[in-house]
Structures are given as C-alpha cells and as structure tokens.
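What follows is a single structure, written as structure tokens, with notes after it.
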Protein chains: 2
Amino acid sequence: MIAVVSLLTALDRSGHRATEPRRAVATLIAAQPGHFTAAELVAAARARRLGIGRATIFRTLDLFAELGLVERLELPTGGHAYVACEPTHHHHVVCSSCGRTVDVGDLGLADVAREVGRRTGYRIDTHRFELYGLCPVCAAEARTTEPAAEPAARPAVGSTVGPARR
Amino acid sequence: MIAVVSLLTALDRSGHRATEPRRAVATLIAAQPGHFTAAELVAAARARRLGIGRATIFRTLDLFAELGLVERLELPTGGHAYVACEPTHHHHVVCSSCGRTVDVGDLGLADVAREVGRRTGYRIDTHRFELYGLCPVCAAEARTTEPAAEPAARPAVGSTVGPARR
DNA sequence: GGTCCGAATGATACTGAGTATCATTTGTTC
DNA sequence: GAACAAATGATACTCAGTATCATTCGGACC
Ligand SMILES: [Mn+2]
Ligand SMILES: [Mn+2]
Ligand SMILES: [Zn+2]
Ligand SMILES: [Zn+2]
C-alpha cells in the first residue's frame, strides 16, 4: 500500500516527467494490496483498457524501483515480484504459501552488516534480507486440514507489523 | 571451491545416480573459483567438448541446489549466479564490481529471524541474506584511479573469511 | 557377466521475462 | 504556442529456463 501522490511527487522531485502512462501505472501500483508481478500489472492495465505498452510498464517499474518506492524481490520459486513501499529501509517477510507480505524494520541487521564489513574488509553498500515462512492464516490452515498441505490460491495481501526502526 | 567428492557422495547418499554427465558437471563446478552462471557452465562444457546437453546442466544445477551444495543467488544486476558451498548455513558477501564472493557465518542472523517470527506471527522457515559492496581490491582500485569508478571486467574469485558459526 | 527397469539424458521446441530499436507523441520550459 | 528532449508503444529480438519424449544408462539383483 502506498499513496499515488508519493509516487508522483517522487517523479517530479527526481526530474522525471509525470506522463499519462506513468500516472496510470502509479494508480495501478497503489491499488495493489500486496506484492505483484510485472505480468500482473500488464494484465491489470489491459483489463482496464488503458492503452499502456508492455515496455512502458517494465520501464516504469524500473524507474520506481530506482527511486526506491518499489522494491523488487525474488520469490523462493525463483520468480520476481514487486512491493510498493515507503522508501525507508526495511525488509519483507513473505508467506511461502499465500504470498502475504509483512514489513519488518532493521531489527539489528545494520549491526550485522557492519560486523560483516569489519570481518571481511568489504565496504558494504547494500544488503538483501528476506524471510520466508507460513503466515498465521496459512499456518492455522495447515494445522486444521489434512497434513497434505498444498499451497493455497494466493490471495496476496499486504500489511505492516513492527516498528520500522531507524 | 568445493571438492568433487562432496558433490558425488551427496548424490549417492540422496539416492540419485552418479551418471557420467553429473560427474562432469560436478567437476566443472569444482573448478569454479567463485560464483558462476548457468550459461558459463554451459560454455565451459562446450569448450571442453563434453557432450552434455544444456537441459542437463540446468537439471544438475537444480539438483545440487536442492541438495544444498550449490546455492543460487541473485546478483544486484538481477541475474542469477551459483556458488558451490559446503552445505552449512551461511551467507555471502559479493563484490558489486568484480564479483568476488566471501562466505560469512550467521553472525546473529538466526536471532534476528527468530525475533521477526515473534513479532509477525509467521513461522519463519528460511531466510535470504546477501551483502553487496566493494571488495578490498576494488575499493583500493577505486581510491587510486580516477573517481570515475567503472565496474571492472569481473575476474570472479572466491574465498572464505570468518568462522561459519553454527 | 547378463538382465531388467526406472531414472536420467539430450534434441527439439516452446514459454515468458525482459530489452533494443526507432518512428511518433507528449510534457515541460520559455 | 513553439521547440526540443524525454517518453511512448509497436515490433522484433534475446536469453533463461522448461516441457516433451524417444533413447540410453546406472545399478540392483541374480
Ligand atoms: Mn515493504
Ligand atoms: Mn558459500
Ligand atoms: Zn499465507
Ligand atoms: Zn571486487
């Protein structure tokens, strides 16, 4: 969940044009409750008969990712997905069954990264930290239903838990 | 760097056949000093006139990844690469300029993951933690040469630093 | 050593994500 | 309302990864 205006003002402040297609994509992104794939955005654009080219959607996603308002993450399946976030540093917990994503703050990771830099001599610039597991809903489901736990249909929903410290 | 026998015994112990192509791929993997892409393996196989099909290389990489002897990581560029590792849980520091990879142990990450589980209610199964930055060599280079720091040609080399605790 | 059978292979063809190109359109600045 | 660079979208392309399936092969058992 992110406000459309956040996306638009970020465009303006970075010296990029607020074109019609970009506004449209921003609206689509803002409407996404959880994480989404590029293909899903393309489908959404087509469904609403916006005349946006596929290339433009990829370009716009890249742009917002550069601006830090959208983050690209790699699912355990190997595919890619995006989440719209306020551009503060934080990480994601992803349900490997339904895809529900929750934000978490740094929780001491910065210290770990610093320590890694000290030990390895690397000048650490960025890190990637993603957690995968079962969300409470899916965990409950897995407990009640037969032990044959099949992945659910994936009603991806986003939410936020925990203070995004720092 | 990994020993060929580690790969082969892992095959055997998991009930998979030690076929000729798999031995060959294992040898190729063991010869890789740092991280490598699937395409690079394919090229290496072709260069040495081993008659291994492309599909088999992908299949074998997947297999070794399942067995935990090879880890697939996502480069900051968006591409994928593999590193051969002893199958103990650890993480990677990757030089964003030359690709040199260094192993690091858990360094308190397990605690962070546990804390995330507590706060979010997720049952955390796995996590992904990768660090990117400049290795000492590239950092020195960047300091001596013009401030116009272009990424170098990428002579990927692997090494290990720090106790892989746990 | 020979038989047998499922596992594994590789040739081929396919999918799907992402990108290059380039003539046309559009946002912004003056 | 020009003017001009930035952005678009149609098209065609590349490249990673995968499905298919007839053929081969490893290894278990005798
Ligand atoms: Mn987020
Ligand atoms: Mn490693
Ligand atoms: Zn779930
Ligand atoms: Zn380096």
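Lettering follows sequence order; numbering is per chain, from 1. Computation of the quantities below employed the complete heavy-atom set of this structure, encompassing side-chain atoms and omitting hydrogens, waters and symmetry-equivalent molecules.
- Base contact: A:R59 has a heavy atom under 4.0 Å from a base atom.
- A:T56 places no side-chain N or O within donor-acceptor distance of the main-chain N or O of A:I52, the cut-off being under 3.5 Å.
- Atom pair A:L41:CG and C:dA17:C1' shows a separation of 14 Å (rounding to whole Å applied).
- From the 5' end on, the contacts that DNA chain D makes with chain A at under 4.0 Å to a non-hydrogen atom open and close at D:dA5 to D:dG9.
- B:R123 meets the salt bridge (Lys or Arg N to Asp or Glu O under 4.0 Å) test with B:D125; sequence neighbours excluded.
- The residue B:G51 sits close only to the backbone: its heavy atoms come under 4.0 Å of sugar-phosphate atoms, none of a base.
- With hydrogens and angles left out, the side-chain atoms of B:D103 and B:H92 include a donor and acceptor closer than 3.5 Å.
- Ring to ring, A:H89 and A:H127 are close: their centroids are under 6.0 angstrom apart.
- With rounding to whole Å, A:R22 atom CZ is found 10 Å from C:dT28 atom P.
- Distance CD (A:E40) to C1' (C:dA17): 14 Å, rounded to an integer number of Å.
- Of the residues near DNA chain D, B:D12 and A:L63, the one whose nearest nucleotide (by heavy atom distance) lies more toward the 5' end is A:L63.
- Toward the 5′ end of DNA chain C lies the nearest nucleotide of B:E20, the other residue of the pair B:E20 and B:R54 mapping further downstream.
- A:R46 comes within 4.0 angstrom of no nucleic acid atom, judged by non-hydrogen atoms across all strands.
- Within 4.0 Å of B:D62, counting heavy atoms only, lie sugar-phosphate atoms of the nucleic acid but no base atom.
- B:H80 and A:H80 have tilted rings, their planes meeting at an angle from 30° to 60° on a 0 to 90° scale.
- Comparing B:R23 and B:A39, the nucleotide of DNA chain D nearest to each residue sits closer to the 5' end for B:A39.
- The side chain of A:H80 contributes an N or O atom lying less than 4.0 Å from OP1 or OP2 of C:dG18.
- A salt bridge is defined here as a Lys NZ or Arg NE, NH1 or NH2 lying under 4.0 Å from an Asp or Glu carboxylate O, and B:R128 with A:E74 meets this definition.
- A close approach under 4.0 Å does occur between a side-chain nitrogen or oxygen of B:T19 and OP1 or OP2 of C:dT9.
- Between A:R59 and A:D62 no salt bridge is recorded (no basic side-chain N to carboxylate O distance below 4.0 Å).
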